[in-house]
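This chain uses plain numbering: 1 for the first residue, then up along the sequence.
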Amino acid sequence: MIERVRAVLVTADDTMLVIRRTKPGIPEYWVLPGGGVEPGDESREAALHREIHEEVAGEADIIRLLHTMEGDDERQLFYLARIATWSFGDRTGPEFSAEGRGEYALEEVPLTLEGLDGIDLKPEEIAHVLRGAIGAGSLGVEASL
């Protein structure tokens with residue numbers, strides 16, 4: 001089974017970092033930073049730290065596992081994390097130089113219902129989980145400040 005890790009990266013301004021994906025022929029959409037767990041990764045959390053470093057040239061403090069999605073051959077683990085510094089210009093992930101992958105743009109989106117409603121966050125299941133947690137006031141990033 002393929003495992004992927006992704007992070008809801010919460011900034012000091014209570015925004016979250018998302019990647020706007022633009023590909024020819026399909027409407028733009030947004031994803032959370034992250035990617036596949038590789039054989040050399042010591043743990044899922046280590047894989048997430050590596051992916052955050054590759055995709056946003058940042059370091060994050062992982063707060064907790066937020067949600068797990070499982071399909072026939074893939075498991076995605078979504079973590080809640082705090083991030084203080086990042087530099088999208090210094091990203092190093094191999095996907096950024098691959099031909100035909102489209103564009104990747106890092107954006108900050110308010111971590112509010114209105115902020116989520118303003119983007120097409122994929123997969124829809126994580127957008128639904130975030131809407132529920134924000135609406136209930138149970139996201140839990142406040143306790144980590």
S.K.: For residues 117-125, run the donor-acceptor check on the side chains, cut-off 3.5 Å, and write out each pair with its distance to 0.1 Å, sequence neighbours left out.
M.R.:
| from | atom 1 | to | atom 2 | distance (Å) |
| --- | --- | --- | --- | --- |
| Asp117 | OD1 | Arg131 | NE | 3.1 |
| Asp120 | OD1 | Lys122 | NZ | 3.4 |
| Glu124 | OE2 | Arg131 | NH1 | 3.4 |
| Glu125 | OE2 | His67 | NE2 | 2.6 |

S.K.: Report yes if some heavy atom in the side chain of Leu130 is under 4.5 Å from a heavy atom in the side chain of Leu66; otherwise report no.
M.R.: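 Yes, side chains in contact.
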S.K.: What's the separation between atom CZ in Arg4 and atom CG in Leu32, rounded to the nearest 0.5 Å?
M.R.: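 Spacing of CZ (Arg4) from CG (Leu32) equals 14.0 Å.
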S.K.: For the residue pair Leu111 and Ile134, establish whether any side-chain heavy-atom pair is separated by less than 4.5 Å.
M.R.: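 Of all side-chain heavy-atom pairs linking Ile134 with Leu111, at least one is under 4.5 Å.
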S.K.: Would you check, one step at a time, whether the test side-chain contact (heavy atoms from CB on, under 4.5 Å) holds for Val109 with Leu116?
M.R.: CA-CA 7 Å; Val109 173; Leu116 282 172; 5.7 Å; no
S.K.: Nearest 0.5 Å, what's the CE-CD1 distance between Met16 and Ile83?
M.R.: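 Rounded to the nearest 0.5 Å, the CE-CD1 separation comes to 13.5 Å.
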S.K.: Could you give the distance from CD (Glu74) to CD1 (Ile2), rounded to the nearest 0.5 Å?
M.R.: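 So the CD of Glu74 and the CD1 of Ile2 are separated by 6.0 Å.
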S.K.: Partners of Arg50 by salt bridge (Lys or Arg N to Asp or Glu O under 4.0 Å), sequence neighbours excluded?
M.R.: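 Expected list: Glu38, Asp41, Glu54.
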S.K.: Any chance you could measure Leu77, atom CG, to Met69, atom CE, to the nearest 0.5 Å?
M.R.: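 Here the interatomic distance stands at 10.5 Å.
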S.K.: What do the steps show when you test Ile63 against Asp61 for side-chain contact (heavy atoms from CB on, under 4.5 Å), and what is the final call?
M.R.: CA-CA 6 Å; Ile63 298 170; Asp61 293 320; 5.7 Å; no
S.K.: Calculate, to the nearest 0.5 Å, the distance between atoms CD1 and CD belonging to Ile19 and Glu103 respectively.
M.R.: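 These two atoms lie 13.0 Å from each other.
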S.K.: Please report the closest heavy-atom contact between Pro33 and Val56, naming both atoms and the distance.
M.R.: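 Reported closest heavy-atom pair: CG-CG1, 4.4 Å.
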S.K.: Can you name the closest pair of heavy atoms from Leu48 and Arg6 and give their distance?
M.R.: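 For Leu48 and Arg6, the tightest heavy-atom pair comes out as CD1-C, 3.8 Å.
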S.K.: Please round to the nearest 0.5 Å and tell me the distance separating atom CD1 of Ile52 and atom CD1 of Ile62.
M.R.: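 Here the rounded value is 6.0 Å.
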S.K.: So which heavy atom on Ala60 is nearest to which on Ala81, and how close?
M.R.: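 So the minimum-distance heavy-atom pair works out to CB-CB, 4.1 Å.
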S.K.: For Glu59, give me all partners under salt bridge (Lys or Arg N to Asp or Glu O under 4.0 Å), at least two apart in sequence or on another chain.
M.R.: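 Here no residue qualifies.
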S.K.: With Arg21 as the cation and Tyr104 as the aromatic partner, state whether NZ or CZ is under 6.0 Å from the six-membered ring centre and within 45° of the axis.
M.R.: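 Yes, Arg21 and Tyr104 form such a contact.
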S.K.: Any side-chain heavy-atom pair from Leu17 and Trp86 closer than 4.5 angstrom?
M.R.: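 Sidechains of Trp86 and Leu17: in contact.
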